[in-house]
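None of these values were measured; they are calculated from a predicted model. Here, residue 1 is the first one in the sequence, and each next residue gets the next number.
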Amino acid sequence: MTISKEKETVAFRQLQEKLRDRWQSINLFEYEDRDILVVPSLSIDQRQLGKVAGFLHYEERLLFSLIRLRNPRTRLIYVTAQPLSPTVIDYYLQLLPGIPFSHARDRLLLLSTYDNSLKPLTQKILERPRLVQRIRKAMRSQQSYMVCFNATHLEQELSLKLGVPLLASSPELLHWGSKSGSREIFAQAGIPHPDGSSNLWNREDLVEAATDLWERNPDLQRMVIKLNEGFSGEGNALLDLRPIQDCTSRQERANQLRDRLPHLQFQATDETWETFSGRIPELGAIVEAFIEGEKKRSPSFQGYITPDSRVEILSTHDQILGGPDGQIYLGCRFPADNAYRLHLQDLGTKIGTILAEKGAMERYGVDFIAVRHPGKTPEWDIQAIEINLRKGGTTHPFMALKLLTNGKYDPETGLLYGQHGLAKYYIASDNLQKESYQGLLPRDLMDIITCHRLHFDSSTMTGTIFHLMGALSEFGKLGLTSIGNSLEEAEAVYDRVEQVLDTETQSPSDVSSPTLPITWLGRD
(Lines give C-alpha, C1' and ligand atoms only; values in the text may rest on other atoms or scores of the structure.)
Protein backbone atom coordinates (compact mmCIF):
# COMPACT_ATOMS: atom_id res chain seq x y z
CA MET A 1 0.00 0.00 0.00
CA THR A 2 1.41 3.42 -1.00
CA ILE A 3 1.72 6.27 1.52
CA SER A 4 -1.17 8.15 -0.11
CA LYS A 5 -3.34 5.03 0.04
CA GLU A 6 -2.38 4.54 3.69
CA LYS A 7 -3.36 8.12 4.51
CA GLU A 8 -6.63 7.70 2.62
CA THR A 9 -7.43 4.50 4.52
CA VAL A 10 -6.68 6.12 7.89
CA ALA A 11 -8.78 9.19 7.02
CA PHE A 12 -11.67 6.96 5.93
CA ARG A 13 -11.53 4.97 9.18
CA GLN A 14 -11.64 8.21 11.18
CA LEU A 15 -14.64 9.34 9.18
CA GLN A 16 -16.36 6.00 9.76
CA GLU A 17 -15.86 6.39 13.51
CA LYS A 18 -18.41 9.21 13.40
CA LEU A 19 -21.03 6.61 12.50
CA ARG A 20 -20.35 4.77 15.73
CA ASP A 21 -20.89 8.00 17.67
CA ARG A 22 -24.05 8.85 15.73
CA TRP A 23 -25.43 5.34 15.42
CA GLN A 24 -28.17 5.63 18.04
CA SER A 25 -29.62 8.70 16.37
CA ILE A 26 -29.23 7.27 12.85
CA ASN A 27 -31.15 4.21 13.98
CA LEU A 28 -33.98 6.42 15.22
CA PHE A 29 -34.44 7.99 11.80
CA GLU A 30 -38.12 8.67 12.49
CA TYR A 31 -37.20 11.47 14.87
CA GLU A 32 -33.76 12.79 13.98
CA ASP A 33 -32.79 15.64 11.70
CA ARG A 34 -30.61 13.97 9.05
CA ASP A 35 -29.39 14.37 5.48
CA ILE A 36 -29.05 11.08 3.58
CA LEU A 37 -27.07 10.82 0.36
CA VAL A 38 -28.09 7.79 -1.73
CA VAL A 39 -25.58 6.70 -4.39
CA PRO A 40 -27.09 3.53 -5.91
CA SER A 41 -23.97 2.68 -7.90
CA LEU A 42 -23.44 -0.97 -8.81
CA SER A 43 -19.68 -0.67 -8.48
CA ILE A 44 -18.86 -4.14 -9.71
CA ASP A 45 -17.29 -5.51 -12.88
CA GLN A 46 -19.20 -3.64 -15.57
CA ARG A 47 -18.71 -6.30 -18.25
CA GLN A 48 -20.40 -8.86 -16.02
CA LEU A 49 -23.11 -6.36 -15.08
CA GLY A 50 -23.65 -5.53 -18.75
CA LYS A 51 -25.04 -9.03 -19.27
CA VAL A 52 -28.10 -8.06 -17.18
CA ALA A 53 -30.85 -6.52 -19.32
CA GLY A 54 -31.53 -2.91 -18.34
CA PHE A 55 -28.82 -2.93 -15.67
CA LEU A 56 -28.54 0.88 -15.73
CA HIS A 57 -32.06 1.08 -14.29
CA TYR A 58 -31.06 -1.07 -11.31
CA GLU A 59 -30.13 2.29 -9.77
CA GLU A 60 -33.88 2.63 -9.22
CA ARG A 61 -34.00 -0.28 -6.78
CA LEU A 62 -32.93 1.96 -3.91
CA LEU A 63 -35.77 4.41 -4.59
CA PHE A 64 -37.50 2.70 -1.69
CA SER A 65 -35.15 4.87 0.39
CA LEU A 66 -37.51 7.74 -0.42
CA ILE A 67 -39.89 6.23 2.11
CA ARG A 68 -37.52 7.61 4.76
CA LEU A 69 -38.94 11.03 3.89
CA ARG A 70 -41.92 10.10 6.04
CA ASN A 71 -39.78 11.62 8.78
CA PRO A 72 -40.57 15.33 8.26
CA ARG A 73 -37.03 16.27 9.34
CA THR A 74 -35.18 14.03 6.88
CA ARG A 75 -33.66 15.43 3.70
CA LEU A 76 -32.52 13.08 0.96
CA ILE A 77 -30.25 13.44 -2.06
CA TYR A 78 -30.56 10.75 -4.76
CA VAL A 79 -28.05 10.60 -7.62
CA THR A 80 -28.50 8.61 -10.85
CA ALA A 81 -26.69 8.28 -14.17
CA GLN A 82 -29.71 9.60 -16.09
CA PRO A 83 -32.61 11.74 -14.84
CA LEU A 84 -35.51 9.80 -13.37
CA SER A 85 -39.02 10.17 -14.74
CA PRO A 86 -41.06 12.59 -12.57
CA THR A 87 -43.89 10.06 -12.77
CA VAL A 88 -41.70 7.47 -11.05
CA ILE A 89 -40.70 9.90 -8.28
CA ASP A 90 -44.32 10.94 -7.74
CA TYR A 91 -45.27 7.28 -7.42
CA TYR A 92 -42.86 6.68 -4.54
CA LEU A 93 -43.67 9.92 -2.72
CA GLN A 94 -47.38 9.13 -2.82
CA LEU A 95 -46.66 5.94 -0.86
CA LEU A 96 -45.77 8.05 2.20
CA PRO A 97 -48.50 7.82 4.84
CA GLY A 98 -49.60 11.08 6.44
CA ILE A 99 -47.02 13.29 4.70
CA PRO A 100 -48.14 16.00 2.25
CA PHE A 101 -46.65 15.27 -1.15
CA SER A 102 -45.25 18.78 -1.55
CA HIS A 103 -43.54 18.66 1.85
CA ALA A 104 -41.71 15.43 0.97
CA ARG A 105 -40.82 16.71 -2.51
CA ASP A 106 -39.25 19.86 -1.07
CA ARG A 107 -36.90 17.70 1.02
CA LEU A 108 -35.74 15.62 -1.94
CA LEU A 109 -32.89 16.67 -4.23
CA LEU A 110 -32.50 14.63 -7.44
CA LEU A 111 -29.20 14.87 -9.28
CA SER A 112 -27.89 13.19 -12.42
CA THR A 113 -24.59 12.74 -14.24
CA TYR A 114 -26.32 12.55 -17.66
CA ASP A 115 -23.95 9.72 -18.53
CA ASN A 116 -25.03 6.34 -19.94
CA SER A 117 -21.51 4.99 -20.34
CA LEU A 118 -20.42 1.61 -19.03
CA LYS A 119 -18.87 2.96 -15.82
CA PRO A 120 -19.98 2.72 -12.20
CA LEU A 121 -22.17 5.64 -11.18
CA THR A 122 -19.77 6.66 -8.40
CA GLN A 123 -16.94 6.97 -10.93
CA LYS A 124 -19.16 9.20 -13.06
CA ILE A 125 -19.82 11.44 -10.04
CA LEU A 126 -16.11 11.67 -9.19
CA GLU A 127 -15.35 12.69 -12.78
CA ARG A 128 -17.61 15.74 -12.31
CA PRO A 129 -16.03 18.00 -9.65
CA ARG A 130 -18.82 20.57 -9.90
CA LEU A 131 -21.40 17.90 -9.17
CA VAL A 132 -19.36 16.76 -6.16
CA GLN A 133 -19.21 20.36 -4.98
CA ARG A 134 -22.96 20.76 -5.39
CA ILE A 135 -23.61 17.64 -3.31
CA ARG A 136 -21.20 18.84 -0.62
CA LYS A 137 -22.92 22.22 -0.40
CA ALA A 138 -26.36 20.62 -0.15
CA MET A 139 -25.42 18.47 2.87
CA ARG A 140 -24.96 19.42 6.51
CA SER A 141 -21.74 17.52 7.21
CA GLN A 142 -22.40 16.99 10.92
CA GLN A 143 -25.88 15.62 10.25
CA SER A 144 -25.25 13.54 7.16
CA TYR A 145 -24.32 10.06 6.05
CA MET A 146 -24.07 8.28 2.72
CA VAL A 147 -25.53 4.92 1.64
CA CYS A 148 -24.74 2.89 -1.46
CA PHE A 149 -25.37 -0.46 -3.13
CA ASN A 150 -21.85 -1.73 -2.45
CA ALA A 151 -18.71 -0.08 -1.11
CA THR A 152 -15.51 -0.01 -3.16
CA HIS A 153 -12.56 2.38 -3.27
CA LEU A 154 -14.71 4.61 -5.49
CA GLU A 155 -17.31 5.05 -2.73
CA GLN A 156 -14.52 5.57 -0.20
CA GLU A 157 -13.03 8.33 -2.35
CA LEU A 158 -16.40 10.06 -2.72
CA SER A 159 -17.03 9.80 1.03
CA LEU A 160 -13.69 11.49 1.73
CA LYS A 161 -14.21 14.22 -0.86
CA LEU A 162 -17.60 15.03 0.69
CA GLY A 163 -16.45 14.65 4.28
CA VAL A 164 -19.51 12.48 4.92
CA PRO A 165 -19.30 9.01 6.53
CA LEU A 166 -20.31 6.02 4.45
CA LEU A 167 -22.74 3.61 6.12
CA ALA A 168 -21.19 0.47 4.60
CA SER A 169 -18.31 -1.93 5.08
CA SER A 170 -14.84 -0.63 4.30
CA PRO A 171 -13.48 -1.53 0.85
CA GLU A 172 -10.64 -3.26 2.73
CA LEU A 173 -13.16 -6.02 3.47
CA LEU A 174 -14.24 -6.68 -0.13
CA HIS A 175 -12.52 -10.07 -0.09
CA TRP A 176 -15.03 -11.40 2.45
CA GLY A 177 -17.87 -10.74 0.03
CA SER A 178 -16.19 -12.63 -2.82
CA LYS A 179 -16.73 -16.30 -3.66
CA SER A 180 -13.37 -17.38 -2.23
CA GLY A 181 -13.64 -15.12 0.81
CA SER A 182 -17.09 -16.53 1.54
CA ARG A 183 -15.66 -20.05 1.62
CA GLU A 184 -13.03 -18.94 4.15
CA ILE A 185 -15.71 -17.46 6.42
CA PHE A 186 -17.85 -20.60 6.19
CA ALA A 187 -14.88 -22.75 7.17
CA GLN A 188 -14.04 -20.44 10.08
CA ALA A 189 -17.66 -20.52 11.30
CA GLY A 190 -17.99 -24.28 10.87
CA ILE A 191 -20.85 -23.80 8.40
CA PRO A 192 -21.47 -26.68 5.94
CA HIS A 193 -20.56 -25.68 2.37
CA PRO A 194 -19.72 -27.49 -0.88
CA ASP A 195 -16.26 -28.93 -1.37
CA GLY A 196 -14.21 -26.68 -3.61
CA SER A 197 -11.13 -24.53 -4.14
CA SER A 198 -9.64 -21.25 -3.02
CA ASN A 199 -9.19 -18.40 -5.50
CA LEU A 200 -7.60 -19.33 -8.84
CA TRP A 201 -6.02 -17.02 -11.40
CA ASN A 202 -5.35 -19.06 -14.56
CA ARG A 203 -6.56 -22.01 -16.61
CA GLU A 204 -3.94 -24.51 -15.45
CA ASP A 205 -4.58 -23.81 -11.77
CA LEU A 206 -8.28 -24.25 -12.52
CA VAL A 207 -7.63 -27.63 -14.12
CA GLU A 208 -5.50 -28.73 -11.16
CA ALA A 209 -8.12 -27.63 -8.61
CA ALA A 210 -10.92 -29.31 -10.58
CA THR A 211 -8.88 -32.52 -10.76
CA ASP A 212 -8.27 -32.43 -7.00
CA LEU A 213 -11.98 -31.87 -6.38
CA TRP A 214 -12.96 -34.78 -8.62
CA GLU A 215 -10.46 -37.10 -6.97
CA ARG A 216 -11.82 -36.22 -3.53
CA ASN A 217 -15.35 -36.84 -4.84
CA PRO A 218 -15.14 -39.61 -7.49
CA ASP A 219 -18.95 -39.85 -7.76
CA LEU A 220 -19.33 -36.14 -8.52
CA GLN A 221 -21.55 -35.52 -11.56
CA ARG A 222 -21.07 -31.78 -12.09
CA MET A 223 -18.88 -28.90 -10.94
CA VAL A 224 -19.62 -25.18 -11.01
CA ILE A 225 -16.93 -22.66 -11.94
CA LYS A 226 -17.59 -19.15 -10.63
CA LEU A 227 -15.86 -15.88 -11.36
CA ASN A 228 -14.81 -14.65 -7.94
CA GLU A 229 -16.68 -11.36 -8.34
CA GLY A 230 -19.64 -12.49 -10.43
CA PHE A 231 -23.06 -10.86 -10.07
CA SER A 232 -26.49 -12.48 -9.77
CA GLY A 233 -25.24 -15.85 -11.06
CA GLU A 234 -24.19 -14.38 -14.42
CA GLY A 235 -20.54 -15.28 -13.73
CA ASN A 236 -21.23 -19.00 -13.22
CA ALA A 237 -20.56 -21.90 -15.57
CA LEU A 238 -21.35 -25.60 -15.22
CA LEU A 239 -18.85 -28.36 -16.00
CA ASP A 240 -20.59 -31.68 -16.70
CA LEU A 241 -18.49 -34.69 -15.68
CA ARG A 242 -20.94 -37.38 -16.76
CA PRO A 243 -19.54 -37.76 -20.32
CA ILE A 244 -16.04 -38.42 -18.92
CA GLN A 245 -16.62 -40.72 -15.97
CA ASP A 246 -14.29 -43.56 -17.08
CA CYS A 247 -10.92 -41.96 -16.35
CA THR A 248 -8.39 -44.32 -14.71
CA SER A 249 -5.61 -41.93 -13.66
CA ARG A 250 -5.19 -38.39 -12.37
CA GLN A 251 -3.44 -37.31 -15.57
CA GLU A 252 -6.30 -38.66 -17.65
CA ARG A 253 -8.79 -36.77 -15.48
CA ALA A 254 -6.80 -33.55 -15.88
CA ASN A 255 -6.55 -33.97 -19.67
CA GLN A 256 -10.27 -34.65 -20.00
CA LEU A 257 -11.15 -31.65 -17.82
CA ARG A 258 -8.86 -29.41 -19.85
CA ASP A 259 -10.59 -30.54 -23.04
CA ARG A 260 -14.06 -29.95 -21.51
CA LEU A 261 -13.46 -26.34 -20.44
CA PRO A 262 -14.36 -24.82 -23.86
CA HIS A 263 -17.69 -26.67 -23.61
CA LEU A 264 -18.85 -25.25 -20.28
CA GLN A 265 -22.55 -24.55 -19.86
CA PHE A 266 -22.64 -20.81 -19.19
CA GLN A 267 -25.45 -19.16 -17.26
CA ALA A 268 -25.12 -15.80 -19.03
CA THR A 269 -26.40 -15.56 -22.59
CA ASP A 270 -23.78 -15.05 -25.32
CA GLU A 271 -20.96 -16.08 -22.98
CA THR A 272 -18.07 -18.09 -24.46
CA TRP A 273 -15.03 -19.81 -23.00
CA GLU A 274 -12.81 -17.17 -24.62
CA THR A 275 -14.58 -14.28 -22.90
CA PHE A 276 -15.11 -16.18 -19.64
CA SER A 277 -11.51 -17.39 -19.32
CA GLY A 278 -10.26 -13.91 -20.19
CA ARG A 279 -11.81 -12.61 -16.98
CA ILE A 280 -10.14 -15.18 -14.71
CA PRO A 281 -6.75 -13.36 -14.49
CA GLU A 282 -8.63 -10.15 -13.61
CA LEU A 283 -11.35 -11.38 -11.23
CA GLY A 284 -10.15 -14.79 -10.12
CA ALA A 285 -12.35 -17.88 -10.03
CA ILE A 286 -13.24 -20.85 -7.85
CA VAL A 287 -14.42 -24.35 -8.64
CA GLU A 288 -16.77 -26.22 -6.32
CA ALA A 289 -19.02 -29.26 -6.28
CA PHE A 290 -22.46 -28.74 -7.80
CA ILE A 291 -25.07 -29.81 -5.27
CA GLU A 292 -27.43 -32.38 -6.78
CA GLY A 293 -30.86 -33.16 -5.32
CA GLU A 294 -34.34 -34.40 -6.14
CA LYS A 295 -35.85 -31.42 -4.31
CA LYS A 296 -33.66 -28.33 -4.22
CA ARG A 297 -34.23 -24.76 -3.10
CA SER A 298 -32.10 -21.64 -2.75
CA PRO A 299 -32.93 -19.90 0.55
CA SER A 300 -31.09 -16.82 1.77
CA PHE A 301 -30.51 -14.89 4.98
CA GLN A 302 -30.27 -11.13 5.33
CA GLY A 303 -28.59 -9.56 8.34
CA TYR A 304 -27.43 -6.18 9.56
CA ILE A 305 -24.24 -5.24 11.39
CA THR A 306 -24.56 -1.96 13.28
CA PRO A 307 -21.63 0.48 13.45
CA ASP A 308 -21.13 -0.67 17.05
CA SER A 309 -20.72 -4.28 15.77
CA ARG A 310 -24.03 -5.78 16.89
CA VAL A 311 -25.53 -8.39 14.54
CA GLU A 312 -29.26 -8.12 13.83
CA ILE A 313 -31.50 -10.55 11.95
CA LEU A 314 -33.44 -8.87 9.13
CA SER A 315 -35.11 -11.61 7.10
CA THR A 316 -34.99 -14.96 5.33
CA HIS A 317 -36.15 -15.67 1.80
CA ASP A 318 -36.59 -18.49 -0.67
CA GLN A 319 -34.97 -17.21 -3.84
CA ILE A 320 -36.52 -17.75 -7.26
CA LEU A 321 -33.78 -18.77 -9.69
CA GLY A 322 -33.70 -19.21 -13.46
CA GLY A 323 -31.21 -19.62 -16.26
CA PRO A 324 -30.05 -22.88 -17.88
CA ASP A 325 -29.29 -24.56 -14.54
CA GLY A 326 -31.20 -22.48 -12.02
CA GLN A 327 -28.30 -20.27 -10.91
CA ILE A 328 -29.48 -16.78 -11.98
CA TYR A 329 -31.42 -14.68 -9.47
CA LEU A 330 -34.92 -13.73 -10.67
CA GLY A 331 -36.83 -12.96 -7.49
CA CYS A 332 -37.74 -14.16 -4.01
CA ARG A 333 -40.47 -15.18 -1.57
CA PHE A 334 -40.66 -13.90 1.99
CA PRO A 335 -40.32 -15.56 4.41
CA ALA A 336 -38.30 -18.72 3.77
CA ASP A 337 -40.00 -22.05 4.41
CA ASN A 338 -40.88 -22.71 8.04
CA ALA A 339 -38.93 -26.00 7.84
CA TYR A 340 -35.58 -24.21 7.87
CA ARG A 341 -35.93 -20.44 8.30
CA LEU A 342 -34.97 -20.44 12.00
CA HIS A 343 -31.95 -22.61 11.16
CA LEU A 344 -30.98 -20.07 8.49
CA GLN A 345 -31.14 -17.36 11.15
CA ASP A 346 -28.72 -19.30 13.36
CA LEU A 347 -26.27 -19.89 10.51
CA GLY A 348 -26.55 -16.31 9.24
CA THR A 349 -25.94 -14.89 12.71
CA LYS A 350 -22.77 -16.97 13.13
CA ILE A 351 -21.48 -15.66 9.83
CA GLY A 352 -22.43 -12.09 10.76
CA THR A 353 -20.55 -12.35 14.05
CA ILE A 354 -17.33 -13.24 12.23
CA LEU A 355 -17.90 -10.44 9.69
CA ALA A 356 -18.46 -7.98 12.54
CA GLU A 357 -15.18 -9.07 14.15
CA LYS A 358 -13.46 -8.24 10.87
CA GLY A 359 -15.01 -4.75 10.90
CA ALA A 360 -17.95 -5.18 8.51
CA MET A 361 -21.06 -3.08 8.92
CA GLU A 362 -24.51 -2.53 7.38
CA ARG A 363 -26.38 -5.15 5.35
CA TYR A 364 -25.02 -8.51 4.37
CA GLY A 365 -26.65 -11.55 2.78
CA VAL A 366 -25.86 -15.25 2.73
CA ASP A 367 -27.08 -17.59 -0.02
CA PHE A 368 -27.67 -21.26 0.76
CA ILE A 369 -28.68 -24.44 -1.04
CA ALA A 370 -31.32 -26.62 0.63
CA VAL A 371 -31.67 -30.21 -0.62
CA ARG A 372 -34.03 -32.97 0.44
CA HIS A 373 -34.23 -36.53 -0.88
CA PRO A 374 -37.79 -37.86 -0.48
CA GLY A 375 -37.86 -41.40 0.85
CA LYS A 376 -34.37 -41.05 2.32
CA THR A 377 -34.69 -38.30 4.93
CA PRO A 378 -37.36 -35.72 5.80
CA GLU A 379 -34.74 -33.16 6.79
CA TRP A 380 -33.38 -30.45 4.53
CA ASP A 381 -29.61 -30.46 4.06
CA ILE A 382 -28.49 -26.82 4.22
CA GLN A 383 -25.17 -25.69 2.74
CA ALA A 384 -23.85 -22.14 2.45
CA ILE A 385 -22.91 -20.93 -1.03
CA GLU A 386 -21.79 -17.30 -0.83
CA ILE A 387 -21.82 -14.04 1.13
CA ASN A 388 -22.95 -10.74 -0.35
CA LEU A 389 -21.30 -7.94 1.61
CA ARG A 390 -23.66 -5.41 0.07
CA LYS A 391 -27.30 -4.81 -0.66
CA GLY A 392 -28.88 -7.49 -2.83
CA GLY A 393 -32.01 -8.58 -4.63
CA THR A 394 -33.87 -9.20 -1.36
CA THR A 395 -32.94 -5.83 0.17
CA HIS A 396 -35.36 -3.47 -1.56
CA PRO A 397 -38.55 -5.58 -1.29
CA PHE A 398 -38.01 -6.18 2.42
CA MET A 399 -37.18 -2.50 2.96
CA ALA A 400 -40.45 -1.59 1.24
CA LEU A 401 -42.48 -4.08 3.29
CA LYS A 402 -41.02 -2.97 6.61
CA LEU A 403 -41.33 0.76 5.99
CA LEU A 404 -44.79 0.70 4.39
CA THR A 405 -46.38 -1.55 7.01
CA ASN A 406 -44.48 -0.23 10.05
CA GLY A 407 -43.71 -3.91 10.47
CA LYS A 408 -41.77 -5.59 13.26
CA TYR A 409 -39.69 -8.68 12.56
CA ASP A 410 -40.01 -11.45 15.13
CA PRO A 411 -36.85 -13.62 15.27
CA GLU A 412 -38.75 -16.24 17.29
CA THR A 413 -41.01 -17.04 14.33
CA GLY A 414 -39.06 -15.57 11.40
CA LEU A 415 -42.17 -13.56 10.44
CA LEU A 416 -42.82 -9.84 10.05
CA TYR A 417 -46.01 -8.51 11.60
CA GLY A 418 -47.69 -5.34 10.34
CA GLN A 419 -49.15 -2.71 12.63
CA HIS A 420 -52.50 -4.56 12.58
CA GLY A 421 -50.82 -7.63 14.04
CA LEU A 422 -51.05 -9.75 10.88
CA ALA A 423 -48.04 -11.60 9.47
CA LYS A 424 -47.08 -10.25 6.05
CA TYR A 425 -45.78 -12.20 3.05
CA TYR A 426 -44.60 -11.25 -0.41
CA ILE A 427 -43.35 -12.42 -3.76
CA ALA A 428 -40.88 -10.06 -5.43
CA SER A 429 -39.11 -10.01 -8.77
CA ASP A 430 -36.70 -7.80 -10.71
CA ASN A 431 -37.41 -9.78 -13.86
CA LEU A 432 -41.00 -9.62 -15.02
CA GLN A 433 -39.89 -9.18 -18.62
CA LYS A 434 -41.83 -9.69 -21.84
CA GLU A 435 -41.39 -8.34 -25.34
CA SER A 436 -45.02 -7.20 -25.37
CA TYR A 437 -44.32 -4.80 -22.49
CA GLN A 438 -41.78 -2.83 -24.54
CA GLY A 439 -42.95 0.66 -25.35
CA LEU A 440 -44.88 1.15 -22.11
CA LEU A 441 -43.99 4.48 -20.53
CA PRO A 442 -44.12 5.01 -16.74
CA ARG A 443 -47.28 7.09 -17.29
CA ASP A 444 -48.88 4.18 -19.18
CA LEU A 445 -48.10 1.89 -16.27
CA MET A 446 -49.70 4.39 -13.88
CA ASP A 447 -52.85 4.36 -16.03
CA ILE A 448 -53.00 0.56 -15.88
CA ILE A 449 -52.29 0.46 -12.13
CA THR A 450 -55.00 3.01 -11.41
CA CYS A 451 -57.71 1.62 -13.67
CA HIS A 452 -57.25 -1.96 -12.46
CA ARG A 453 -56.60 -1.04 -8.81
CA LEU A 454 -53.27 -2.82 -8.72
CA HIS A 455 -51.60 -0.40 -6.33
CA PHE A 456 -50.61 -1.02 -2.72
CA ASP A 457 -53.58 -0.43 -0.39
CA SER A 458 -52.42 1.21 2.84
CA SER A 459 -55.70 0.33 4.60
CA THR A 460 -55.26 -3.44 4.12
CA MET A 461 -51.47 -3.28 3.68
CA THR A 462 -51.72 -5.60 0.70
CA GLY A 463 -51.17 -5.10 -3.01
CA THR A 464 -48.22 -4.46 -5.31
CA ILE A 465 -45.37 -1.97 -5.23
CA PHE A 466 -43.56 -1.43 -8.53
CA HIS A 467 -39.92 -0.65 -9.27
CA LEU A 468 -37.49 -0.67 -12.24
CA MET A 469 -40.13 1.28 -14.14
CA GLY A 470 -37.41 3.01 -16.15
CA ALA A 471 -36.52 -0.33 -17.80
CA LEU A 472 -40.05 -0.93 -19.05
CA SER A 473 -40.13 1.02 -22.30
CA GLU A 474 -36.82 -0.16 -23.78
CA PHE A 475 -36.48 -3.64 -22.28
CA GLY A 476 -40.06 -4.63 -21.41
CA LYS A 477 -38.75 -5.29 -17.91
CA LEU A 478 -40.41 -4.45 -14.60
CA GLY A 479 -39.85 -5.11 -10.91
CA LEU A 480 -42.63 -5.68 -8.42
CA THR A 481 -43.25 -6.71 -4.83
CA SER A 482 -46.69 -8.26 -4.25
CA ILE A 483 -47.72 -8.29 -0.58
CA GLY A 484 -50.41 -10.42 1.03
CA ASN A 485 -51.46 -11.87 4.37
CA SER A 486 -50.30 -15.32 3.20
CA LEU A 487 -47.96 -16.59 0.51
CA GLU A 488 -51.01 -17.80 -1.42
CA GLU A 489 -52.53 -14.32 -1.36
CA ALA A 490 -49.22 -12.72 -2.35
CA GLU A 491 -48.93 -15.13 -5.28
CA ALA A 492 -52.50 -14.36 -6.37
CA VAL A 493 -51.74 -10.60 -6.24
CA TYR A 494 -48.61 -11.11 -8.36
CA ASP A 495 -50.43 -13.31 -10.88
CA ARG A 496 -53.19 -10.75 -11.29
CA VAL A 497 -50.67 -7.99 -12.08
CA GLU A 498 -49.05 -10.18 -14.74
CA GLN A 499 -52.42 -11.15 -16.23
CA VAL A 500 -53.52 -7.51 -16.45
CA LEU A 501 -50.25 -6.43 -18.07
CA ASP A 502 -50.48 -9.29 -20.55
CA THR A 503 -54.03 -8.31 -21.47
CA GLU A 504 -53.21 -4.61 -21.74
CA THR A 505 -50.26 -5.21 -24.07
CA GLN A 506 -51.77 -7.72 -26.51
CA SER A 507 -52.07 -5.10 -29.23
CA PRO A 508 -52.91 -1.39 -29.43
CA SER A 509 -56.52 -2.16 -30.38
CA ASP A 510 -56.94 -4.35 -27.27
CA VAL A 511 -56.03 -1.63 -24.74
CA SER A 512 -58.93 -1.40 -22.34
CA SER A 513 -57.60 1.12 -19.82
CA PRO A 514 -58.48 4.70 -20.77
CA THR A 515 -55.51 6.98 -21.25
CA LEU A 516 -55.65 10.06 -19.05
CA PRO A 517 -55.46 13.36 -20.97
CA ILE A 518 -51.87 14.53 -21.17
CA THR A 519 -52.89 17.98 -19.94
CA TRP A 520 -53.81 16.38 -16.59
CA LEU A 521 -50.29 15.03 -16.20
CA GLY A 522 -47.93 17.56 -17.65
CA ARG A 523 -45.01 15.12 -17.49
CA ASP A 524 -43.76 11.77 -18.79
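- Side-chain N/O atoms of Asn485 and Lys424 include a donor and acceptor closer than 3.5 Å.
- Between Met399 and Arg363 there is a side-chain heavy-atom pair separated by less than 4.5 Å.
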*Would Arg390 and Glu362 satisfy salt bridge (charged side-chain N to carboxylate O under 4.0 Å, His left out), going step by step from the backbone distance to the final call?*
CA-CA 8 Å; Arg390 55 170 170 78; Glu362 227 253 346; over 6 Å; no

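- In this structure, Tyr425 contributes its side chain and Arg333 its backbone to no donor-acceptor pair below 3.5 Å.
- Atom CZ of Phe466 and atom OH of Tyr91 lie 5.5 Å apart (nearest 0.5 Å).
- A side-chain donor from one of Asp430 and His396 sits under 3.5 Å from a side-chain acceptor of the other.
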*List the steps, then state whether salt bridge (charged side-chain N to carboxylate O under 4.0 Å, His left out) holds for Glu498 with Arg496.*
CA-CA 5 Å; Glu498 185 173 7; Arg496 181 167 180 264; over 6 Å; no

_Evaluation steps, side chain to side chain contact (heavy atoms under 4.5 Å, CB included), between Leu416 and Asp410_ = CA-CA 6 Å; Leu416 182 137; Asp410 180 9; over 6 Å; no

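- Checked by atom type, the side-chain pair Ser198/Ser180 shows no donor-acceptor distance below 3.5 Å.
- One finds the CG atom of Asp212 at 11.0 Å from the CG atom of Asn217 (value rounded to the nearest 0.5 Å).
- Side-chain atoms of Thr211 come within 3.5 Å of backbone N or O of Val207 as a donor-acceptor pair.
- Residues satisfying the side-chain hydrogen bond (donor to acceptor under 3.5 Å, both in side chains) test with Glu288, not counting sequence neighbours, are Arg183, Lys226.
- Checked against side-chain hydrogen bond (donor to acceptor under 3.5 Å, both in side chains), Ser298 has the following partners two or more places apart in sequence or in another chain: Gln319.
- No side-chain N or O of Ser429 forms a donor-acceptor pair with one of Asn431 less than 3.5 Å apart.
- Centroid-to-centroid, the aromatic rings of Phe301 and Phe368 stay 6.0 Å apart or farther.
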*Would you please test Phe276 and Glu271 for side chain to side chain contact (heavy atoms under 4.5 Å, CB included) and show each step?*
CA-CA 7 Å; Phe276 186 87; Glu271 186 71 272; 4.1 Å; yes

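- Scanning for salt bridge (charged side-chain N to carboxylate O under 4.0 Å, His left out) contacts around Asp495 gives an empty result, with sequence neighbours left out.
- At distances below 3.5 Å, not a single donor-acceptor pair connects side-chain atoms of Gln16 with backbone N or O atoms of Ser170.
- A donor-acceptor pair is defined here as one N or O able to donate and one able to accept, closer than 3.5 Å; no such pair exists between the side chain of Ser169 and the backbone of Leu173.
- For the pair Val38 and Pro40, the minimum side-chain heavy-atom distance is below 4.5 Å.
- With hydrogens and angles disregarded, a donor-acceptor distance shorter than 3.5 Å links the side chain of Glu60 to the backbone of Met469.
- Thr349 and Gln345 are not linked by any side-chain donor-acceptor pair at a separation below 3.5 angstrom, with hydrogens and angles left out of the test.
- Between Leu415 atom CG and Arg341 atom CZ the span is 4.5 Å, to the nearest 0.5 Å.
- No donor-acceptor contact under 3.5 angstrom links the side chains of Asn228 and Arg279, judged on distance only.
- Under a 3.5 Å cut-off, the side chain of Asn199 and the backbone N or O of Ala285 do form a donor-acceptor pair.
- The closest side-chain donor-acceptor pair between Glu59 and Thr80, if any, does not fall under 3.5 angstrom.
- The backbone N or O of Ile286 lies less than 3.5 Å from no partner atom in the side chain of Ser197, so there is not a single donor-acceptor pair.
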*Give the C-alpha distance, both sets of side-chain angles, the deciding distance and a yes or no for salt bridge (charged side-chain N to carboxylate O under 4.0 Å, His left out) between Glu292 and Arg222.*
CA-CA 8 Å; Glu292 308 285 351; Arg222 290 182 283 183; 2.7 Å; yes

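- No donor-acceptor pair under 3.5 Å is formed between the side chain of Tyr145 and the backbone N or O of Lys18.
- Not a single donor-acceptor pair under 3.5 Å links the side chain of Tyr364 to the backbone N or O of Lys391.
- Atoms CD1 and OH, from Ile382 and Tyr340 in turn, are 6.5 Å apart once rounded to the nearest 0.5 Å.
- The backbone N or O of Thr122 sits less than 3.5 Å from a side-chain atom of Ser41, completing a donor-acceptor pair.
- Below 30°, between 30° and 60°, or above 60°: for Phe186 and His193 the angle between ring planes is between 30° and 60°, a tilted geometry.
- A tilted orientation is assigned to the rings of Phe334 and His317, their planes being inclined by 30° to 60°.
- In this structure, the side chains of Thr152 and Gln156 stay at 4.5 Å or more apart for every pair of heavy atoms.
- Here OH of Tyr92 is found 10.0 Å from OG of Ser65. Values are rounded to the nearest 0.5 Å.
- Taking CG of Leu261 as the reference point, atom CD1 of Ile225 lies at 5.5 Å (rounded to 0.5 Å).
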